Number of protein chains: 2
Amino acid sequence: MTAALKIADEEGSQALTMRRLASELNSSTAMLYRHFESRADLVLQIVDCVFKEAELPASPVPQADWRQACRALARRMFAVLGQHRGVAQLLLEAPPNGPHAMVLRERALAMMLDNGFAPPLAARAYATLARFVLGFAIQLGGQSAAADEDAAQSAVFHQLDRTAFPATFALADELPVPLEEEFAFGLDLMIAGLDLLRADERER
Amino acid sequence: MTAALKIADEEGSQALTMRRLASELNSSTAMLYRHFESRADLVLQIVDCVFKEAELPASPVPQADWRQACRALARRMFAVLGQHRGVAQLLLEAPPNGPHAMVLRERALAMMLDNGFAPPLAARAYATLARFVLGFAIQLGGQSAAADEDAAQSAVFHQLDRTAFPATFALADELPVPLEEEFAFGLDLMIAGLDLLRADERER
DNA sequence: ACCTGAACACCGTTCAAGT
DNA sequence: ACCTGAACACCGTTCAAGT
């Protein structure tokens with residue numbers, strides 16, 4: 001269980017195979033099928049294990065400002081998925097319906113309702129933010145050294161033909177943007193957008 | 001090449017194996033390695049093939065409003081990736097640096113610069129929107145029947161204990177939100193947020 | 001009753017051997 | 001010179017056979 005998470009963390013989601021896990025536990029694959037119905041079942045349990053980790057220090061400080069609470073929640077989830085690369089990929093294989101995922105969703109939805117979001121807006125805002133976090137977390141990639149890849153990508157932009165690609169060339173120094181920065185930037189954009197909608201809703 | 005795209009479209013990215021493609025072409029795997037250096041190389045070519053498709057009717061009508069242009073670009077890319085499920089997954093395997101991907105990026109960046117975005121903001125806005133589109137497109141999933149899954153998920157929410165999960169229960173009728181709607185909603189939130197930043201920037 | 005090794009039908013990739 | 005089949009080291013899953 002924790003051994004499985006360790007493999008996914010250190011070597012990426014595609015390294016988490018039944019055989020690999022079995023040999024890590026000095027056991028055989030058939031043995032695993034006594035504890036887990038299938039690989040999908042194993043994945044489900046790992047995923048909820050990570051949601052549990054995201055859950056822990058969530059509620060102690062109830063934030064006054066919903067925007068801060070939103071940011072904190074989303075960033076925390078992103079950070080946890082960043083510490084467990086590969087788990088985001090596993091999340092694609094099945095929707096997270098484990099007990100801890102349920103608790104986290106409940107908290108997030110309650111937070112929105114408590115802050116005066118009408119139900120339809122609360123649901124859409126939560127759903128969209130959750131997808132946003134997962135979408136970016138997936139792109140963190142299996143186990144890669146992000147800095148190296150960014151450097152390589154930057155070189156690609158700098159070597160472009162400036163007449164064929166003037167805009168890209170002009171922005172070569174600004175690209176690529178680190179994924180973590182994109183996430184933080186995009187999250188704040190969405191929260192700013194939500195704030196406008198919420199204000200609209202409340203003044204009606 | 002188009003056969004490979006067809007397999008990925010119809011049966012998901014994980015169905016696109018060298019053996020499967022070879023047998024589709026009445027050939028053998030070894031033959032494929034004469035045309036493609038590796039599976040990664042095959043993936044690269046398929047990906048750019050899809051970017052080409054997204055490229056076609058992009059430039060004819062230069063939009064007056066950058067927000068409309070932004071929306072149109074992002075929605076078009078999302079739609080194309082939605083028609084080629086599985087390709088978004090393939091995009092994770094390597095950054096898109098094919099010729100058509102380059103052209104698309106150039107157009108998007110030029111659009112932002114032409115509309116008065118300063119370089120650092122243009123770069124971050126583009127990068128974030130591109131990630132956003134891909135992040136959501138990936139979650140469209142391999143080949144699934146989305147409606148069935150949404151119905152199943154809705155049932156999960158309706159069967160919850162209403163005292164343990166009051167907020168989730170209260171929003172059971174609103175959840176889950178269809179992914180396409182989340183995408184459209186989130187995109188408009190980000191554009192609204194960007195509009196605020198751009199206004200800030202221009203009045204300075 | 002519990003666990004093992006081998007089996008089955010798959011992967012990507014390579015390469016000797018045929019034509 | 002071109003192409004094939006078989007090989008190698010993997011995968012998830014199952015199951016007869018051992019203890």
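Each chain gets a letter, A, B and so on, in the order the sequences are listed, and its residues count up from 1. Worth saying up front: this structure is predicted, and the values here are computed from it rather than measured.
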Quick one: list whatever passes ring-ring contact (aromatic ring centres under 6.0 Å, His included) with A:F117, sequence neighbours left out. A:W66
Suppose you measure atom P in C:dT13 against the same atom in D:dC2; what distance do you get, rounded to whole Å? 22 Å
Could you list all the salt bridge (charged side-chain N to carboxylate O under 4.0 Å, His left out) pairs where at least one residue sits in residues 112-140 of chain A, not counting sequence neighbours? A:R124-B:E181, A:R131-B:E182
A:F132 meets the ring-ring contact (aromatic ring centres under 6.0 Å, His included) criterion, sequence neighbours left out, with A:F136, A:F183
Quick one: what's the B/S/- string for nucleotides 8-19 of chain D, heavy-atom cutoff under 4.0 Å, read 5' to 3'? ---BBBBB----
Give the stems involving DNA chain C, where a stem is 3 or more consecutive Watson-Crick or G-U wobble pairs (i with j, i+1 with j-1, and so on) under 3.5 Å. C:4-8 with D:12-16, C:12-16 with D:4-8
Return the value, rounded to whole Å, for the distance between atom NE2 of B:H35 and atom C1' of D:dC3. 11 Å
Counting C-beta onward and ignoring hydrogens, is there a side-chain heavy-atom pair between A:L140 and A:F78 closer than 4.5 Å? yes
Taking only residues two or more places apart in sequence, or in another chain, which ones meet A:S23 in a side chain to side chain contact (heavy atoms under 4.5 Å, CB included)? none
Provide, to the nearest angstrom, the distance between the CG atom belonging to A:N26 and the P atom belonging to C:dC3. 14 Å
To the closest 0.5 Å, what do you measure between CZ (A:R85) and OG (A:S13)? 12.5 Å
Do the side chains of A:L175 and A:S154 get nearer than 4.5 Å, heavy atoms only? no
Any side-chain N or O of A:S28 less than 4.0 Å from the OP1 or OP2 oxygen of C:dT4? yes
Are any of the side-chain heavy atoms of A:S27 and A:L32 separated by less than 4.5 Å? no
Nearest-Å distance once atom P is located in both D:dA7 and C:dA7: 16 Å
